[in-house]
Amino acid sequence: MSQIIEITDFNAKELDIYARLTEAQLLHLYEPNGGVFIAESPKVITRALDAGYEPISLLLERKHIETQMKGIIARCPDIPVFTSDSEVLTQLTGYSLARGALCAMKRPAMPLLSDTLKDAKRVAVMENIMNSTNIGAIFRSAAALDIDAVLLTPACSDPLYRRAVRVSMGTVFQIPWNFLPTNDDYVSVLKEYGFKTAAMALTDNSVSIDDENVAKEEKLAIILGTEGDGLRQSTIDACDYTVKIPMSHGVDSLNVAAASAVAFWQLRKR
């Protein structure tokens, strides 16, 4: 049976992970044995548990103990459950909890890149994307639209940051992902694993996203760049294809998360 603990002391050390530690501090909290991340909302927490992530504690509104969080609490019988009214939790954390629940979880060790790419035919690659909302949205589209794995350059924001996890609706737990070993010549790494590479960019040499040669590639990595600057020229030059989404009304680009959904749908392995 989980221990239900009413919050009476805002300074309790056990609440640091929810109230006082930054994302960067959580990332390195238990080094060298891995860090902590925060899952927010019952659906996201459930998806994390289903994927085998290990919970540390729960923080939730009192009214949810016997309602939407009852099943989750039953699945986590050996961890503390901190609780109070919504107003108290907002004062503690500094924001209103999405659907009234947070769960601190242990970060697992990252798998080998070879394991992440095992059997993958369609891979999404993020280059230096720092916006957690975009990262979460790209993960959600990738999971929904038949992408087999997601890779990120080391300069990207972490997919297990709270906002990225929440925006992804927990799909970050459902699709294999990993960080590439370098920010620079990572295209050669993709090619070593047998992938043809498609840079999403507007250039004089760009082909339409419905190009037959791109679509028929057996293994394809779809590379997405930052919101403002897009992909680096060195990345574009190293790729097998440069691909664009045809647009009208003088619009020359889409938000990277929106562009990813169009690309994943069009280039999915049929």
Side-chain angles (χ1 to χ4, degrees), residues 15-30 34-51 53-61 64 68-69 72 82 86 89-108 110 124-145 147 149-180 224-229 254-261 264:
L15 298 176
D16 284 351
I17 52 180
Y18 299 108
R20 286 170 286 277
L21 298 182
T22 66
E23 296 273 24
Q25 289 171 319
L26 290 174
L27 176 61
H28 301 289
L29 188 60
Y30 294 138
V36 172
F37 70 93
I38 305 296
E40 183 176 3
S41 85
K43 177 177 285 188
V44 171
I45 295 168
T46 296
R47 284 180 169 169
L49 293 173
D50 289 346
Y53 286 76
E54 183 178 349
I56 297 170
S57 65
L58 286 161
L59 177 71
L60 52 92
E61 292 182 39
H64 296 319
Q68 64 182 10
M69 290 296 293
I72 291 174
F82 300 101
S86 174
L89 299 185
T90 299
Q91 184 180 351
L92 172 70
T93 62
Y95 55 86
S96 180
L97 276 60
R99 301 204 176 266
L102 299 177
C103 183
M105 293 187 155
K106 293 183 179 179
R107 284 176 173 266
M110 292 300 296
V125 181
M126 300 188 217
E127 180 183 281
N128 302 346
I129 296 178
M130 292 297 296
N131 186 294
S132 292
T133 297
N134 284 335
I135 286 178
I138 292 169
F139 263 94
R140 190 173 181 182
S141 293
L145 300 173
I147 296 298
V150 175
L151 302 178
L152 307 94
T153 61
C156 286
S157 183
D158 194 286
L160 292 184
Y161 281 175
R162 185 180 65 88
R163 185 167 182 80
V165 171
R166 179 164 61 86
V167 173
S168 82
M169 292 299 293
T171 54
V172 68
F173 308 124
Q174 297 177 309
I175 185 168
W177 63 271
N178 213 326
F179 281 100
L180 288 156
L224 304 151
T226 61
E227 187 69 54
D229 298 330
L254 296 173
N255 167 276
V256 65
S260 74
F264 298 162

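Side-chain atoms are counted along with the backbone in the values below, which use heavy atoms only and exclude waters and symmetry mates.
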Exercise for review: With side chain to side chain contact (heavy atoms under 4.5 Å, CB included) as the test, would you mind laying out the steps for Ile138 and Phe264 before giving the verdict?
Suggested key: CA-CA 10 Å; Ile138 292 169; Phe264 298 162; 4.1 Å; yes
Which distance, rounded to the nearest 0.5 Å, do you find between the [atom1] of [X] and the [atom2] of [Y]?
X: Ile45; Y: Tyr53; atom1: CD1; atom2: OH; answer: 14.5 Å
X: Ile129; Y: Thr153; atom1: CD1; atom2: OG1; answer: 8.0 Å
X: Gln68; Y: Lys43; atom1: CD; atom2: NZ; answer: 11.5 Å
X: Tyr161; Y: Thr133; atom1: OH; atom2: OG1; answer: 14.0 Å
X: Ser132; Y: Arg166; atom1: OG; atom2: CZ; answer: 10.5 Å
X: Ile38; Y: Leu59; atom1: CD1; atom2: CG; answer: 8.5 Å

Point to revise | side chain to side chain contact (heavy atoms under 4.5 Å, CB included) evaluation trace for Thr226 with Val256 | key: CA-CA 7 Å; Thr226 61; Val256 65; over 6 Å; no
For [Y], does its backbone N or O pair with a side-chain atom of [X] as donor and acceptor, under 3.5 Å?
X: Glu40; Y: Arg163; answer: no
X: Ser168; Y: Val165; answer: yes
X: Thr93; Y: Tyr18; answer: no

Any side-chain heavy atom of [X] sitting closer than 4.5 Å to one from [Y]?
X: Val167; Y: Arg140; value: no
X: Phe173; Y: Val44; value: yes
X: Arg107; Y: Asp158; value: yes
X: Phe82; Y: Leu89; value: no

Which atom of [X] lies closest to which atom of [Y], heavy atoms considered:
X: Pro42; Y: Met69; answer: CG-SD, 3.8 Å
X: Ile17; Y: Ala104; answer: CD1-CB, 3.3 Å
X: Asn134; Y: Asn255; answer: OD1-ND2, 3.3 Å
X: Met130; Y: Ser157; answer: O-CB, 3.2 Å
X: Pro159; Y: Ile135; answer: CA-CG2, 4.1 Å
X: Ala261; Y: Ser141; answer: CB-OG, 3.6 Å

Check your understanding: Is there a side chain to side chain contact (heavy atoms under 4.5 Å, CB included) between Ile72 and Cys103 once you walk through the steps?
Key -> CA-CA 10 Å; Ile72 291 174; Cys103 183; over 6 Å; no
Check your understanding: So Trp177 and Phe139, would you call those rings parallel, tilted or perpendicular, with 30° and 60° as cut-offs?
Key -> perpendicular
Revision key, fill the gap. With sequence neighbours left out, the residues meeting side chain to side chain donor-acceptor pair (under 3.5 Å) with Asn131 are none
Check your understanding: What do the steps show when you test Arg47 against Thr171 for side-chain hydrogen bond (donor to acceptor under 3.5 Å, both in side chains), and what is the final call?
Key -> CA-CA 8 Å; Arg47 284 180 169 169; Thr171 54; 5.7 Å; no
Check your understanding: Please walk me through it: do Met110 and Asn178 pass side chain to side chain contact (heavy atoms under 4.5 Å, CB included)?
Key -> CA-CA 7 Å; Met110 292 300 296; Asn178 213 326; 3.2 Å; yes
Point to revise | Contacts of type salt bridge (charged side-chain N to carboxylate O under 4.0 Å, His left out), residue Arg20, not counting sequence neighbours | key: Asp16
